[in-house]
Amino acid sequence: EVEKVNAIFVTQDLPDIYTGPAWGGELDGIIKAANEGQLVDISDKLDQYPNLARSIAPENVPPALYEKAIDAYGGKKYLLLQNQPATGEDGMDWLYGFYVRKDIAEQLDVDPQSIRTKDDLYNFLKKIRDAGLTANGQKVIPLGGFHNGWAVTIGNTMFWSGASYLPQSDGTLEHHFFTKEYEEYTLYYRKLMEEGLLDPEVFTHTDPIAKEKILQGRIAVLAAHYPAILDASKEYVLQHPGSDYVPIGPLEWAGTSPNAPAALNIQGNNVTAITKKAKNVDAALRLLDFLASDEGFMLARYGVEGVHWEMVDGKPAAKQEWFDKFTNDPTGKVRKNEGIGIGLESLTGLDRINSGAGGDIWMDKDRKAAMDFAREILRPNGVRVISEYNPGDLMSKSPQWEMLKPSMDQIGDAWKEAVFARSDEEALQIINELRSQILNTGYREAIQYTMDNLQDRKIVTEQLPN
């Protein structure tokens, strides 16, 4: 996705309205576009569009994100934030984790909740491989994921706390890529790949191919968030009762207290901008402001009032006819053909799904029960919303960042290369070569800049995926 963001601005093949992730390289790319004058400054128009103004009011944006992406252009405004929880009850816990087919766990006589450590997980995957299970005429793959490896890498939190920058015993900070724990994590996944426990195509296959494997019954354990797993496996489960994916663990969370609540980054998931190629800026703003209104918010999620849903006791409620149609369609096409859940919900401003609407009125009772069960297993100590500062946001402002960033952007690719290495030594050589490159492009100076400018900010020291 980072490449796509960069490419549209390089080629000038721009949409009128851009919406993309509010994190990572994609966010950096759109901030760069703003600084280069490729986006429309909407600061003098926000007073005409109150729903948009509300979405980027300081009190409605996480402080670090506000400083980095919203209020970072000398008074000009280029970006809107989408789906930031309006209240605490609106935050979404996606329940990322490792999930195993219930029938396979039962066949192997393994209780998924007995798997707690990295060794437990490894031994369980070996047991699946050694059982010689087949589906659709092919071997069952012990561990798989979705497009481009999403999200098999979430096992990193069995090795360190999940934070990107880790405090050291001497009071300094270090990016996790430079730690011993990162090496152990890399070699663990290399072992999974070498021993046939991890799908060898997981980092290259597309979403349709990944879902085809799931629908063929060929993936024993999936790593992702639970809604994606439930959606992808729904058709198979209807045809094979008892093959539901259920949570493993909870797995060990390195460097944290056993009683620590799950630390989750719950914030808006997209930023939206109008590009310089837009033919009618005010028309684009009118559309975005409508979608961010209460009417637009519910239209995108629920459909047409009086047709798909109605108000009951002051709350939206699904009409039974459409609830049944959507529930009985495992493909989701019926709902999408009605214009519901087609992506417009990513443009609806503050997320008030519970505080201002009626929750997920389309969730059937079986799905709700599955989500509640997974939450009970994976969140025994509840949830804590992260409010601390990410040092990476400061590092990106360092004088070294322009030279350093291309090297840092290679970490993910280097890790994948190391996972496929012929030996542990070769894997570590790949990691160390990139470490040297990063050091030679200003990493130590950038870390020092970050520490010098953190001042009294508390930093993120533990984080689970969300």
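Below, each value reflects all heavy atoms present in this structure, side chains not excepted, and no hydrogens, waters or symmetry copies. One is the number of the first residue; the rest follow in order along the sequence. What you see is a predicted model; the values in this text were computed from it and never measured.
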May I ask you to check whether [X] and [Y] show a side-chain donor-acceptor distance below 3.5 Å?
X: T272; Y: Q82; value: yes
X: E183; Y: Y188; value: no
X: E252; Y: T117; value: no
X: E433; Y: Q429; value: yes
X: S355; Y: D90; value: yes

Near [X] [atom1], under 6.0 Å, is it more than 12 heavy atoms from other residues, nucleotides or ligands?
X: K32; atom1: NZ; value: no
X: K368; atom1: NZ; value: no
X: E295; atom1: CD; value: no
X: Q48; atom1: CD; value: yes
X: D456; atom1: CG; value: no

Distance-minimising heavy-atom pair for A292 and L52: CB-CD2, 4.3 Å
Cation-pi, [Y] ring and [X] (6.0 angstrom, 45 degrees):
X: K458; Y: Y389; value: no
X: R190; Y: F420; value: no
X: K191; Y: Y122; value: yes

How would you list, by chain and number, every residue that makes a salt bridge (charged side-chain N to carboxylate O under 4.0 Å, His left out) with [X], sequence neighbours excluded?
X: D93; answer: R379
X: E67; answer: K397, R457
X: D413; answer: none

Do [X] and [Y] have side-chain heavy atoms sitting under 4.5 Å apart?
X: M193; Y: P200; value: yes
X: M408; Y: L434; value: no
X: T204; Y: N148; value: no
X: V61; Y: L81; value: yes
X: K45; Y: K77; value: no
X: L39; Y: K276; value: no

message: Could you go through E201 and K213, starting from their C-alpha distance and side-chain angles, then the distance that decides it, and tell me whether this counts as salt bridge (Lys or Arg N to Asp or Glu O under 4.0 Å)?
response: CA-CA 11 Å; E201 299 174 343; K213 292 175 181 177; 2.8 Å; yes
- prompt: Can you check side chain to side chain contact (heavy atoms under 4.5 Å, CB included) on F146 and I229, steps first, answer last?
  reply: CA-CA 9 Å; F146 289 82; I229 292 173; 4.1 Å; yes
- request: Quick one: list whatever passes side chain to side chain contact (heavy atoms under 4.5 Å, CB included) with I377, sequence neighbours left out.
  value: Q113, P247, P250, F373
query: Who passes side chain to side chain donor-acceptor pair (under 3.5 Å) against D360, sequence neighbours left out?
result: none
Stepwise side chain to side chain contact (heavy atoms under 4.5 Å, CB included) test for H225 and L95: CA-CA 5 Å; H225 65 55; L95 295 170; 5.9 Å; no
- prompt: How far apart are the C-alpha atoms of L264 and R384, what are their side-chain angles, what is the distance that settles it, and do they pass the side chain to side chain contact (heavy atoms under 4.5 Å, CB included) test?
  reply: CA-CA 6 Å; L264 304 179; R384 176 180 73 83; over 6 Å; no
- request: Start with the C-alpha distance between L251 and I248, add both sets of side-chain angles, then the distance that settles side chain to side chain contact (heavy atoms under 4.5 Å, CB included), and finish with yes or no.
  value: CA-CA 7 Å; L251 291 167; I248 285 173; 4.2 Å; yes
Given the side-chain rings of [X] and [Y], with only the six-membered ring counted for Trp, is the space between their centroids under 6.0 Å?
X: F177; Y: W415; answer: no
X: F178; Y: Y182; answer: no
X: Y185; Y: W160; answer: yes

field: Sole candidate of N35, T19, V271 that passes side-chain contact (heavy atoms from CB on, under 4.5 Å) when paired with I30
entry: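 Single pass found, and it is V271.
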query: Which is it for Q437 and S407 under the side-chain hydrogen bond (donor to acceptor under 3.5 Å, both in side chains) test, yes or no, and what are the steps along the way?
result: CA-CA 7 Å; Q437 180 179 323; S407 298; 3.2 Å; yes
message: Could you walk me through whether E338 and H308 satisfy the side-chain hydrogen bond (donor to acceptor under 3.5 Å, both in side chains) test, starting with their C-alpha distance in whole Å, then the side-chain angles of each, then the deciding distance to 0.1 Å, before giving a yes or no?
response: CA-CA 9 Å; E338 292 299 308; H308 302 104; 2.7 Å; yes
- request: Please list all pairs passing the ring pair (Phe, Tyr, Trp, His ring centres under 6.0 Å) test where one or both residues lie in residues 37-83, with sequence neighbours left out.
  value: Y73-Y78
query: Once you round to the nearest 0.5 Å, how far does OG1 of T186 lie from CD1 of I430?
result: 10.0 Å
- prompt: Roughly how far, to the nearest 0.5 Å, is CG of N51 from CG of L288?
  reply: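 Separation between the atoms: 10.5 Å.
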